[in-house]
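Read the structure below first, then the notes.
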Amino acid sequence: MLQSHFIIEFQKYLLKWYKENRRDLPWRRTVDPYYIWISEVMLQQTQVDTVIPYYEKFITHYPTMHALAQAPQEEVLKHWEGLGYYSRARNLQAGVREVVENYDAQIPSDRKTLLNVKGIGPYTAGAILSIAYQKPEPAVDGNVMRVLSRIFQIDEDITKAKTRKTFEQLVYTLIPEDDASPFNQGLMELGALICKPKTPLCEACPLSHLCQARQAGKQTDYPVKSKKLKQKGIHYVAVVLQDDQGRYLIQQRPSEGLLAGFWEFPLQEISASTDEVLPSAEQFIEETFGTLSIKWSVCEETAQHIFSHLKWQLNVVQGKVLSGQVPSLQEKPMRWIAETELKDYPFPVPQQKIMKIARIAY
DNA sequence: TAATCGTGGCA
DNA sequence: TTGCCAAGATT
């Protein structure tokens, strides 16, 4: 059990350090729960410098919850393009619609209700409650677990879901009643700027005199986390097809799963060898349109894209339809679009790499 | 619980 | 180059 003088000491040094060292970030110039919500979702598993331009653009386009609620989903995805983890965008919009419809556009201020809103989990709920509503609630992210696991030499594996609860209980004992926002943000800022994963700057740390790992010289042994497996490799051929008018064939991905709802040049999975590249492309066209007269060229350059759990190897084949008539597409989620229209569709990064290889402007 | 879901930075 | 890492949520 922690003694009260330790807790007071912890709060005092952390709050003083945060007050003097906090970065001036766009979302720190407001306490509007809607803007805090957007920033927290964008910051999930994403670095601050990456988020800043997306945040600025997003709140300009969707300054109110009503604006976001009424926007077409594909337009929202377009604004999220390149930021990754696209279910965040769909869930954010779904959550905002829930709040507009069920709570008269007032974001709930209690944890239980907040957790029922789409896209809001334990961390984001705590962040909104503490930062926007000044409530003494924990907001435990990777920074907080790293900082606290070092200070208290906590050995639990932070990759396990239930470990977060251990840290939440600890934060409940540490967090000050009246300074919840700077306390939570201070813990995260300390993790980001000082208590870094590889090379913690303990000499500059305001809590080093309270840190057990530091006293034991074992800072980099914490946090404890199990290793993750290597990405599984998959080989594809991207089929870049143009009709006689120079339009490109693009296809929409399914509404669930990887890169849901995004557009792409049709991908055909192949086994590793390159001698399958052209036959696979031809097979795709055969299955989609039947027999067509096409002038093919195989691109020498290939692309690679690494996801959290997958590694794509991409070959590119370009084809031009020689005959005038292209069969109709029926119910397939495909379209023929002009090169100038590509910019109106959301394309994920691997597709942008394919465009570069195929020398298509985007 | 464990797997899924992006992308860019960095040692 | 490779692996790790970043203000996690969902299923």
Side-chain angles (χ1 to χ4, degrees), chain A residues 22-23 25-28 35-55 77 80-92 94-95 114-132 138-147 157-165 167-168 171 181 184-193 195-200 220 223 225-233 253-262 303-312 346-353:
Chain A
R22 70 194 289 268
R23 288 169 291 178
L25 303 173
W27 45 89
R28 286 187 174 156
Y35 295 126
I36 300 301
W37 184 3
I38 292 171
S39 70
E40 292 302 341
V41 171
M42 287 187 169
L43 286 162
Q44 290 166 11
Q45 302 291 285
T46 310
Q47 297 185 350
V48 166
D49 289 340
T50 304
V51 167
I52 290 174
Y54 283 91
Y55 172 83
L77 273 184
W80 210 274
E81 181 187 74
L83 194 54
Y85 284 145
Y86 301 102
S87 65
R88 292 185 296 177
R90 287 180 285 113
N91 289 337
L92 173 61
L114 263 185
L115 286 174
N116 284 324
V117 176
K118 202 74 174 169
I120 297 183
Y123 165 75
T124 304
I128 293 173
L129 291 170
S130 60
I131 298 172
V140 174
D141 71 338
N143 286 307
V144 173
M145 288 195 282
R146 184 172 59 259
V147 170
D157 183 347
I158 66 163
T159 67
K160 306 281 185 189
K162 78 173 195 183
T163 300
R164 193 198 64 254
K165 295 183 181 179
F167 287 92
E168 287 176 344
V171 171
S181 174
N184 279 345
Q185 293 193 74
L187 276 181
M188 293 188 277
E189 194 79 336
L190 191 65
L193 301 182
C195 196
K196 300 195 282 187
K198 306 268 190 175
T199 56
T220 51
K225 53 196 307 188
S226 53
K227 291 176 183 154
K228 51 183 174 186
L229 343 67
K230 199 173 170 183
Q231 295 95 348
K232 180 184 165 191
R253 296 180 62 87
S255 58
E256 291 184 353
L258 184 68
L259 303 171
F262 274 75
Q304 172 178 310
H305 192 78
I306 298 173
F307 297 88
S308 313
H309 56 299
L310 297 173
K311 182 193 275 191
W312 282 8
F347 287 97
V349 170
Q351 288 295 324
Q352 296 174 20
K353 293 178 180 175

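The sequence lines fix the lettering, A, B, ..., with proteins before strands; numbering per chain opens at 1. This structure is a prediction, so every number in the text was calculated from the model and none was measured.
- Rounded to whole Å, the separation between the P atoms of dG8(B) and dA9(C) comes to 22 Å.
- Nucleic acid contact class of Ser39(A) (heavy atoms, under 4.0 Å, all strands): none.
- Under 3.5 Å, the side chain of Thr50(A) and the base of dG9(B) form no donor-acceptor pair of N or O atoms.
- For Pro197(A), counting side-chain heavy atoms from C-beta on, the closest listed nucleotide (dG8(C), dA6(C), dA2(B)) is dA6(C).
- For Lys230(A), taking side-chain heavy atoms from C-beta onward, the closest of the listed nucleotides dT7(B), dG3(C), dG8(C) is dG3(C).
- Looking at the side chain of Tyr85(A), the nearest of the listed nucleotides dG6(B), dA7(C), dT11(C) is dG6(B).
- Contact annotation for Trp312(A): no contact, since no heavy-atom pair falls under 4.0 Å across all strands.
- Residue Ala127(A) is out of contact with every strand shown, counting any heavy-atom pair closer than 4.0 Å.
- Interatomic distance, Gln45(A) CD to Leu83(A) CG, rounded to the nearest 0.5 Å: 12.0 Å.
- Rounding to the nearest 0.5 angstrom, the gap separating the CG atom in Leu310(A) from the NZ atom in Lys232(A) is 7.5 Å.
- In this structure, Arg90(A) reaches neither bases nor backbone, as no heavy-atom distance under 4.0 Å exists between it and the strands shown.
- Within the 4.0 angstrom heavy-atom criterion, no nucleotide atom of any strand lies near Leu310(A).
- Regarding Leu258(A), its CG atom lies at a distance of 17 Å from the P atom of dA3(B), rounded to whole Å.
- As judged by a 4.0 angstrom heavy-atom cut-off over every strand, Ile158(A) is placed among residues making no nucleic acid contact.
- Between Trp27(A) and Tyr35(A), the gap from one ring centroid to the other reaches at least 6.0 Å.
- Nearest-nucleotide assignment on DNA chain B puts the 5′-proximal partner with Glu81(A), out of Lys198(A) and Glu81(A).
- For Gln304(A) and dT2(C), the CD to C1' distance is 10 Å, given to the nearest whole Å.
- The phosphate of dT1(B) has neither OP1 nor OP2 within less than 4.0 Å of any side-chain N or O from Lys160(A).
- dC4(C) and dA3(B) have their P atoms separated by 16 Å, given to the nearest Å.
- In the set dC4(C), dA7(C), dA9(C), the nucleotide with an atom closest to the side chain of Thr124(A) is dA9(C).
- At the phosphate of dA7(C), neither OP1 nor OP2 sits under 4.0 Å from any side-chain N or O atom of Gln44(A).
- If you check every strand for non-hydrogen atoms under 4.0 Å, Asn91(A) touches sugar and phosphate atoms only.
- You'll find the side chain of Trp80(A) reaches within 4.5 Å of the side chain of Leu92(A), heavy atoms only.
- Counting any heavy atom pair closer than 4.0 Å across all strands shown, Lys353(A) reaches no nucleic acid atom.
- For the pair His305(A) and dG6(B), the criterion of a side-chain N or O lying under 4.0 Å from OP1 or OP2 is not met.
- Annotation: of the two residues near DNA chain B, Arg88(A) and Leu229(A), the 5′-most nearest-nucleotide partner is Leu229(A).
- Distances were taken from every side-chain heavy atom of Lys118(A) (C-beta onward) to each of dG8(B), dT11(C), dA7(C); the shortest belongs to dT11(C).
- Atom CG in Asn184(A) sits roughly 13 Å away from atom P in dG8(C) (whole-Å rounding).
- At whole-Å resolution of the value, CG in Leu77(A) and P in dG6(B) are 10 Å apart.
- Straight-line distance from the NZ atom of Lys165(A) to the C1' atom of dA9(C): 15 Å, rounded to whole Å.
- Nucleic acid contact class of Gly257(A) (heavy atoms, under 4.0 Å, all strands): sugar-phosphate only.
- Side-chain nitrogen and oxygen atoms of His309(A) include none within less than 4.0 Å of the OP1 or OP2 phosphate oxygen of dA3(B).
- Contact annotation: the side chain of Tyr55(A) never approaches that of Leu43(A) to less than 4.5 Å [non-hydrogen atoms, C-beta and beyond].
- Checking dT7(B), dA6(C), dC5(B) against the side-chain heavy atoms of Lys225(A) singles out dA6(C) as nearest.
- A distance of 10.5 Å separates CD of Gln351(A) from NE2 of His305(A), quoted to the nearest 0.5 Å.
- Among the protein residues, Ile306(A) comes within range of the nucleic acid bases, having at least one heavy atom under 4.0 Å from a base atom.
- Nucleotide dA9(C) holds its P atom 9 Å from the CG atom of Leu115(A), rounded to whole Å.
- To the nearest whole angstrom, the two P atoms, one in dC5(B) and one in dA7(C), are 23 Å apart.
- Sequence order on DNA chain C of the closest nucleotides to Arg28(A) and Val117(A) puts Arg28(A) first from the 5' end.
- For the pair Ile120(A) and Trp27(A), both in contact range of DNA chain C, the more 5′-proximal nearest nucleotide belongs to Trp27(A).
- The side chain of Tyr86(A) lies closest to dG6(B), out of dG8(B), dA9(C), dG6(B).
- Across the protein-nucleic acid pair, Leu114(A) atom CG and dG8(C) atom C1' stand 15 Å apart, rounded to whole Å.
- When all heavy atoms of Ile36(A) and Ala127(A) are compared, the closest pair comes out as CG2-O, 4.3 Å.
- In this model, the phosphate group of dA6(C) is not approached by any side-chain N or O of Lys196(A) to a distance below 4.0 Å at OP1 or OP2.
- If you check dA7(C), dG9(B), dG6(B) against the side chain of Gln47(A), the one that comes closest is dG9(B).
- Between the side chains of Tyr123(A) and Gln44(A), no donor-acceptor pair is found at a separation under 3.5 Å.
- Atom CD1 in Ile52(A) sits roughly 14 Å away from atom C1' in dG8(B) (whole-Å rounding).
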